[in-house]
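Shown next, in structure tokens, is the structure this report addresses.
Every heavy atom of this structure was used, including side-chain atoms; hydrogens, water molecules and symmetry mates were not. The chains referred to below are lettered A, B, ... by the order of the sequence lines, with proteins before strands, and numbering in each begins at 1.
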Protein chains: 2
Amino acid sequence: MITKRQKLVLEAVILDYVQTCEPVGSRTVARKYMPQVSSATIRNEMSDLEELGYLSQPHVSAGRVPSDNAYRLYVDHLIREGLIDTTPREDTQRALSSRMHQTEDVVQAMAQALCDWTHYTTVIMTPRQRDLRVSTLQLIPLRPGAALLVIVTDSGIIRDAVVNVAEDLDADKLYAISRVLADKLGGKSLGEVQGILHSFSQFVEGDPKVLHGIADLARQIQKQSSNDTLIICGSENILYHPEYADVQKARRFLKVLEDEDKLIRLMRHSSSEGLGAFIGSEIGIADLEGCSIVTAAYQAGKGSRGTVSIIGPTRMNYQQVLQSLSSTADMLSRMLRRTT
Amino acid sequence: MITKRQKLVLEAVILDYVQTCEPVGSRTVARKYMPQVSSATIRNEMSDLEELGYLSQPHVSAGRVPSDNAYRLYVDHLIREGLIDTTPREDTQRALSSRMHQTEDVVQAMAQALCDWTHYTTVIMTPRQRDLRVSTLQLIPLRPGAALLVIVTDSGIIRDAVVNVAEDLDADKLYAISRVLADKLGGKSLGEVQGILHSFSQFVEGDPKVLHGIADLARQIQKQSSNDTLIICGSENILYHPEYADVQKARRFLKVLEDEDKLIRLMRHSSSEGLGAFIGSEIGIADLEGCSIVTAAYQAGKGSRGTVSIIGPTRMNYQQVLQSLSSTADMLSRMLRRTT
DNA sequence: GTTAGCACTCTTTCGAGGCGAGTGCTAAAC
DNA sequence: GTTTAGCACTCGCCTCGAAAGAGTGCTAAC
């Protein structure tokens, strides 16, 4: 077990290291954080903390650097002790109040606010679309043989896809079909919609071209609903941090952000609700060595969960990040419930 | 006037410098590009070229580096002599053939292909939306008092906006209104639509709430149509180039790309048709020092012009870039004409 | 248990010296 | 008159070594 004073020393090291990105020496801790004891005492404590695996020395005559374990302890402490204040920041609220109606614009704006404020990279995953429920849908004529299918879901997310339809369908006929479809499909999740559409094409009698159109539509929905959407914002922020003074490293970081599938898999693994964090090697991606990912889950409609997360160097201001994420997730949940 | 052989030397310096990013010495030019003459001869030519302002030396015992003027000469030469082959690359065609119907997806895919292939940053400006013509439109009920307006334009670009409508309008009523509106507005440009809608709200008698909805709609269209859209792709590619080994510089570069307004103004100034280039200081943005922007214009529908451009270090493979841009613009023009 | 003192280690910084690349100039050759 | 060989000169870059500085661990005293 770790003593009270060791905790204090550890916290001091973390705070100072987060600020300066330089190994922290015993004298610094004593002077800036714990003036009541001498540097020699701190030195002893630090030596013990190193043995416990919470600190390490880049080299023998340098100060100490917190380990992944140290950050873990610190973050768990922050979360458990409820030191996170979810009051949203002013500018996030301003972004929201500028009366944007369309969900995805709002999410985009929040991502932007988040990464402006934290100077890290923001990734928001919108919920798996198969879990979204159809609120209404409509077919709009584009050109002979093609129509635009617009699906409005319960959380306000709008999806559109171009589908092939029979050549002879005009606007009125498409509208009639839309009404029937909307009637049958309203309230169903996008996942269910596929199955229903397939059974349609087996049982309904009618123009084979229309049936072809319906199958096409099912396929499009399948395609649309099977992937979650990621909104990535401020990836260039990584260049602000001295850990990434090496361009090679920055490039590898940005490369990972391009691989959306990998990120999505990662986000899905994050703690099922509330706040969570992957610290350093916990991420399990070699190219993200030295990074942490902090995530917060939000609810969109019933049962479908999205995450909002921040990726930055392990040496990260966890307090600030947890706070921002927490309030953002909170607002997102409230917003997306509102439109249900 | 510049002699034939000076041109050859200049071209050799440019080609070698573009490849290596190192000052080019006389011996290198003689050995690799002009084995028929000696390095001393090249040395004399280079000295003259420096006097003419086409070459410069980073320091006295280094090789020569081409100046902005040199690139200008070279690019003008390439364009004027018709050395640009517009045959599209295979993978660009593949991206297109993967049957994407929606214009914006196609444009996105082309941007991606372009920056994968060139390793520079691609910026595509879609045409000013006020010039787009309405093909059809439809109002879709979202919730009481709000509807989604979907406008399909002649070039296949789809715009949607949430508008406030009277509370008592159900799907059928909205559809009826849509038909009337589509009838009145079809073929008009988005710019004209605003005016027409305003005159509506003065002359049509009816439910004031509907009128309010129409005014709201006009405002939304105004907002949507007044800004051009930029698609930026591969901004992190800049990190691949040794000029940007300095993180500070890379950051400034990425910062400029975030300022869309500035970019749009720049794109608008580019040569009104065909190929054009801003080389180095011609750009006129301090933070883009050492960069060039090459642009190609494309037509989308009648009268509305978009540009596709590539931003990279001044030391850029202009031949390749001009070629890729030219063929991409060509394909875009053809594609967007098709859907008219 | 805490602290002062001190020897020790290791990085960082700075300057000197040598190396190499490339030039400009001169004089000779074509 | 143009081209070429030869040579002295310049200047950036690399390496090496010494000095400085930061921080530790240990010991002995409080």
Side-chain angles (χ1 to χ4, degrees), chain A residues 1-10 12-17 19-67 70 242-243 245-246, chain B residues 1-10 12-17 19-67 70 242-243 245-246:
Chain A
M1 194 38 207
I2 189 173
T3 70
K4 186 98 183 160
R5 193 167 65 186
Q6 281 173 336
K7 265 192 190 163
L8 285 175
V9 173
L10 196 53
V13 173
I14 290 176
L15 289 179
D16 205 77
Y17 184 66
Q19 219 183 356
T20 63
C21 192
E22 308 255 293
V24 186
S26 55
R27 222 177 92 79
T28 310
V29 172
R31 227 189 16 218
K32 282 173 58 181
Y33 299 89
M34 308 172 71
Q36 64 281 21
V37 292
S38 78
S39 68
T41 311
I42 303 293
R43 225 158 22 240
N44 291 330
E45 298 285 25
M46 284 171 117
S47 184
D48 292 352
L49 283 169
E50 181 162 10
E51 202 141 317
L52 290 168
Y54 292 118
L55 292 179
S56 68
Q57 277 182 296
H59 56 85
V60 59
S61 83
R64 297 310 207 290
V65 166
S67 69
E243 294 76 337
D246 177 19
Chain B
M1 193 37 205
I2 189 173
T3 70
K4 187 95 184 163
R5 191 167 67 188
Q6 283 174 336
K7 265 191 189 162
L8 285 175
V9 174
L10 195 54
V13 172
I14 290 176
L15 289 179
D16 205 79
Y17 185 66
Q19 219 182 356
T20 63
C21 192
E22 308 256 292
V24 187
S26 55
R27 223 176 91 80
T28 310
V29 172
R31 226 187 19 218
K32 282 174 58 181
Y33 299 89
M34 309 173 71
Q36 65 279 20
V37 293
S38 78
S39 67
T41 310
I42 303 293
R43 223 155 28 237
N44 291 331
E45 297 286 26
M46 284 170 114
S47 184
D48 293 351
L49 283 169
E50 181 161 10
E51 202 141 316
L52 290 168
Y54 292 118
L55 292 179
S56 68
Q57 279 181 296
H59 55 87
V60 60
S61 83
R64 297 308 207 293
V65 165
S67 70
E243 299 66 347
D246 177 19

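- Side-chain N or O atoms of B/Glu45 include none that pairs as donor or acceptor with a backbone N or O of B/Gln6 at under 3.5 Å.
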Every protein N/O lying under 3.5 Å from an N/O of nucleotides 4-9 of chain C:
{"residue": "C/dG5", "atom": "O6", "partner": "A/Arg43", "partner atom": "NH2", "Å": "3.3"}

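- Identified under the salt bridge (Lys or Arg N to Asp or Glu O under 4.0 Å) test for residues 26-36 of chain A, with sequence neighbours left out: A/Asp16-A/Lys32.
- Nearest approach of A/Ala62 to A/Pro58, heavy atoms of both residues: CB-CD, 4.1 Å.
- You'll find the side chain of A/Lys7 stays beyond 4.5 Å of the side chain of A/Leu10, heavy atoms only.
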Scan nucleotides 28-30 of chain C against the protein and return all N/O pairs shorter than 3.5 Å with their distances rounded to 0.1 Å.
none

Side-chain donor/acceptor pairs under 3.5 Å, residues 46-55 of chain B, sequence neighbours excluded:
{"residue": "B/Glu50", "atom": "OE1", "partner": "B/Arg64", "partner atom": "NE", "Å": "2.8"}
{"residue": "B/Glu50", "atom": "OE1", "partner": "B/Arg64", "partner atom": "NH2", "Å": "2.8"}

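- The shortest side-chain heavy-atom distance between B/Cys21 and B/Glu243 falls under the 4.5 Å cut-off.
- Contact detail for B/Ile14 and B/Ala70: the closest heavy-atom pair is CD1-O, 3.8 Å.
- For the salt bridge (Lys or Arg N to Asp or Glu O under 4.0 Å) test, no residue two or more places apart in sequence or in another chain qualifies with B/Glu22.
- Across the protein-nucleic acid pair, A/Arg64 atom CZ and D/dG23 atom P stand 12 Å apart, rounded to whole Å.
- Annotation: proximity of residues 22-36 of chain B to DNA chain D (heavy atom, distance under 4.0 Å) is found for B/Gln36, numbered in ascending order.
- When each of B/Glu45 and B/His59 is assigned the nucleotide of DNA chain D with its nearest heavy atom, B/Glu45 is the one assigned upstream, toward the 5' end.
- With contacts defined as side-chain heavy-atom distances shorter than 4.5 Å, the pair B/Val65/B/Gln57 does not qualify.
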